[in-house]
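The analysis underlying the following values was restricted to heavy atoms, covering all of them including side chains, and did not include hydrogens, waters or symmetry mates.
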Amino acid sequence: EELRSALAEADEHSKAAFSEIQDGLSKKAESAQVEELAESKVDVSIIAPQLAEFQRQFFDHKRNILDQQRRIGRLLEEARKRWPAPFDQHQLENMAEEETHLLDAFYLAFEDRFRGTREDIKNRVKVYLPIVREAKAGTKDRPILDIGCGRGEWLELLNEHNFTARGIDLNHVMVNQCLEMNFEVTEAEAINYLRTLKANSLGAVTGIHIIEHIPFKRLIVLLDEVLRVLQEGGVVIFETPNPENIVVGACNFYYDPTHLNPIPPESMRFTMEARGFNHIDILRLHPYHESARLDQGEDRVRELINHRFFDAQDYALVAYKEKI
């Protein structure tokens with residue numbers, strides 16, 4: 001018994017000593033790691049852009065996965081309703097509709113990557129605030145409708161300036177993002193939505209980078225519906241890429257795979273005049289930064305190159321429904 005007791009006591013002492021040695025080694029290792037990190041002097045600014053890019057990709061993938069789950073869930077719901085019976089026409093239409101949303105998350109990621117940040121876009125569209133204010137739009141009696149509201153930057157700016165405004169968009173992911181920000185937004189196709197509105201019910205209609213997505217015959221119908229729903233003195237603003245800038249017309253325009261064709265400003269002005277709009281102005285917007293412009297060479301050559309390559313990347317048609 002005494003031997004067992006002595007062995008047990010020795011074992012306890014051994015364990016205690018071993019534990020003490022382990023703790024000592026661990027503290028030394030941690031201290032060495034801290035010293036090593038301090039000596040390395042890692043410049044966080046070098047890896048910050050990479051971390052930001054990883055974060056952007058993470059949110060893009062997350063949005064994409066959530067949208068895929070939503071669409072798969074809807075398809076499974078329709079399948080469960082009828083299985084094993086054949087699908088009826090309404091269910092087939094519901095399932096086919098989901099095909100139109102296949103690239104919704106992709107297009108939002110595209111906007112985030114190529115269009116600019118929310119603050120960039122809000123700063124760009126500030127130019128339209130005095131126009132809608134002068135037209136007395138943005139009140140409860142003369143609300144603003146933004147067609148193709150996208151991520152909602154223009155709606156956000158209008159809300160910040162106490163204008164009454166709502167938006168529509170076909171992109172399910174973007175609509176949900178706008179709704180999460182408490183904007184009044186409906187998932188709808190523009191012409192179908194306008195046809196649900198009463199004549200002379202809006203003070204302004206805006207569309208930032210939408211008309212280049214619309215086939216010409218549909219664009220004519222859109223213009224006719226916009227004119228119908230505008231009140232007298234109401235204003236319409238359509239912004240689109242400017243093909244007078246050769247870089248835009250030959251290259252940048254086609255970054256977006258959903259663009260159809262560039263629309264020259266004077267061609268668009270004529271089209272709007274022909275559909276009954278009045279007092280049409282063209283605002284040429286967003287030239288390249290001064291540092292990009294050519295500052296050497298013969299004056300006329302330099303001016304021509306700067307005008308055709310570095311001037312306005314976008315333009316806006318501002319038109320009115322004439323007061324009778």
Side-chain angles (χ1 to χ4, degrees), residues 107 110-135 146-151 153-154 156-158 204-216 219 222-223 226 235-275 277-320:
Y107 199 75
F110 176 89
E111 289 273 297
D112 292 342
R113 181 70 172 271
F114 291 100
R115 185 91 169 97
T117 65
R118 295 191 66 84
E119 287 305 312
D120 289 338
I121 303 305
K122 284 175 67 177
N123 285 330
R124 290 182 201 172
V125 296
K126 282 180 180 177
V127 66
Y128 304 127
L129 288 174
I131 296 172
V132 295
R133 186 176 288 114
E134 186 177 349
D146 186 31
I147 298 173
C149 60
R151 300 178 300 185
E153 296 95 339
W154 174 227
E156 183 175 9
L157 188 65
L158 289 170
V205 175
T206 59
I208 313 298
H209 287 244
I210 62 158
I211 59 175
E212 65 272 15
H213 295 263
I214 305 174
F216 183 70
L219 180 58
L222 176 69
L223 293 177
V226 168
V235 64
V236 57
I237 302 170
F238 286 134
E239 181 184 307
T240 188
N242 181 19
E244 293 174 325
N245 182 312
I246 292 175
V247 175
V248 173
C251 179
N252 295 358
F253 180 88
Y254 298 99
Y255 280 178
D256 188 332
T258 64
H259 283 177
L260 296 181
N261 51 267
I263 308 173
E266 291 300 333
S267 171
M268 193 61 204
R269 186 209 294 269
F270 174 81
T271 302
M272 296 189 75
E273 286 176 348
R275 304 319 296 178
F277 291 93
N278 290 278
H279 311 297
I280 302 171
D281 292 325
I282 297 174
L283 306 181
R284 290 172 172 84
L285 306 165
H286 316 136
Y288 282 87
H289 190 271
E290 194 65 30
S291 61
R293 302 173 73 85
L294 190 67
D295 60 2
Q296 297 179 0
E298 199 271 328
D299 287 349
R300 292 183 62 188
V301 174
R302 187 176 69 250
E303 289 173 7
L304 178 62
I305 291 175
N306 285 335
H307 173 61
R308 289 302 181 186
F309 286 86
F310 303 112
D311 267 358
Q313 299 177 75
D314 304 299
Y315 73 90
L317 270 298
V318 180
Y320 296 83

Practice problem: Output yes when a side-chain donor or acceptor of D311 lies under 3.5 Å from a complementary backbone atom of P287, and no otherwise. | Solution: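 No; zero donor-acceptor contacts below 3.5 Å.
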Quiz item: For F310 and R293, which heavy atoms make the closest approach, and how far apart are they?
Solution: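 Result for this residue pair: O-NH1, 3.4 Å.
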Quiz prompt | Greater than 12 external heavy atoms within 6.0 Å of E298's CD | solution =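 Yes, because the 6.0 Å sphere around CD of E298 holds more than 12 heavy atoms from other groups.
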Quiz item: Under a 4.0 Å N-O cut-off, is there an ion pair linking E266 with R269?
Solution: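 Answer for the salt bridge query: yes.
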Self-check item: Interatomic spacing from NE2 in H209 to OG1 in T240 - rounded to 0.5 Å
Solution: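 Reported to 0.5 Å precision, the distance equals 6.5 Å.
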Self-check item: Spatial distance of atom CE (M268) from atom CG (L223) [nearest 0.5 Å]
Solution: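 Rounded to the nearest 0.5 Å, the CE-CG separation comes to 4.5 Å.
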Quiz item: Taking the side chain from R118 and the backbone from R151, do they hold a donor-acceptor pair closer than 3.5 Å?
Solution: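 Present.
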Quiz item: Would H286 and N242 count as having a side-chain donor-acceptor pair, cut-off 3.5 Å?
Solution: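 No, no side-chain donor-acceptor pair sits under 3.5 Å.
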Practice problem: For residues V125 and T206, determine if any side-chain heavy atom of one lies less than 4.5 Å from a side-chain heavy atom of the other. | Solution: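 Result no, sub-4.5 Å side-chain heavy-atom pair not found.
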Quiz item: Do L129 and L158 touch side chain to side chain, with heavy atoms closer than 4.5 Å?
Solution: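 Result yes, sub-4.5 Å side-chain heavy-atom pair found.
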Exercise. Taking the side chain as every heavy atom from C-beta outward, state whether I280 and F270 have any atom pair closer than 4.5 Å.
Key: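 Answer no - side chains too far apart.
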Quiz prompt | Side chains of L157 and K126 in contact at under 4.5 Å (non-hydrogen atoms) | solution =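 The answer is yes; the side chains approach within 4.5 Å.
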Quiz item: Can you tell if the side chain of N261 reaches within under 4.5 Å of the side chain of F216, non-hydrogen atoms only?
Solution: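 No, too far: nothing below the 4.5 Å cut-off.
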Quiz item: Would M272 and F238 satisfy side chain to side chain contact (heavy atoms under 4.5 Å, CB included), going step by step from the backbone distance to the final call?
Solution: CA-CA 11 Å; M272 296 189 75; F238 286 134; 4.2 Å; yes
Quiz item: If every non-hydrogen atom of Y315 is compared with every non-hydrogen atom of I263, which pair is closest and at what distance?
Solution: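 Minimum heavy-atom separation between Y315 and I263: OH-O, 2.6 Å.
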Self-check item: Within-4.5 Å side-chain heavy-atom neighbours: I282 and L317
Solution: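 Answer yes - side chains close enough.
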Practice problem: Measure the shortest side-chain to side-chain distance between P262 and Y254 over non-hydrogen atoms and say whether it is less than 4.5 angstrom. | Solution: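 They are in side-chain contact.
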Quiz item: Do you know which two heavy atoms are closest between I131 and Y320, and how far apart they sit?
Solution: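 Scanning both residues, the minimum pair turns out to be CG2-OH, 3.9 Å.
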Quiz item: Between D281 and V318, is there a donor-acceptor pair closer than 3.5 Å when you use the side chain of the first and the backbone of the second?
Solution: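 Judged by distance alone, no pair lies under 3.5 Å.
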Quiz prompt | E303 CD to L294 CG distance, which is reported to the nearest 0.5 Å | solution =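 Result: 11.0 Å between the selected atoms.
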Quiz prompt | Shortest non-hydrogen contact from P215 toward L260 | solution =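 Heavy atoms only, the tightest pair is N-CD1, 3.4 Å.
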Practice problem: Might you point out which heavy atoms bring P241 and V248 nearest each other, and give the distance in Å? | Solution: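 Taking P241 first and V248 second, the nearest heavy atoms are CB-CG1, 3.9 Å.
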Quiz item: Side chains of E239 and Y128: do they bring a donor and an acceptor to under 3.5 Å?
Solution: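 Looking only at side-chain atoms, Y128 and E239 do form a donor-acceptor pair, the distance falling under 3.5 Å.
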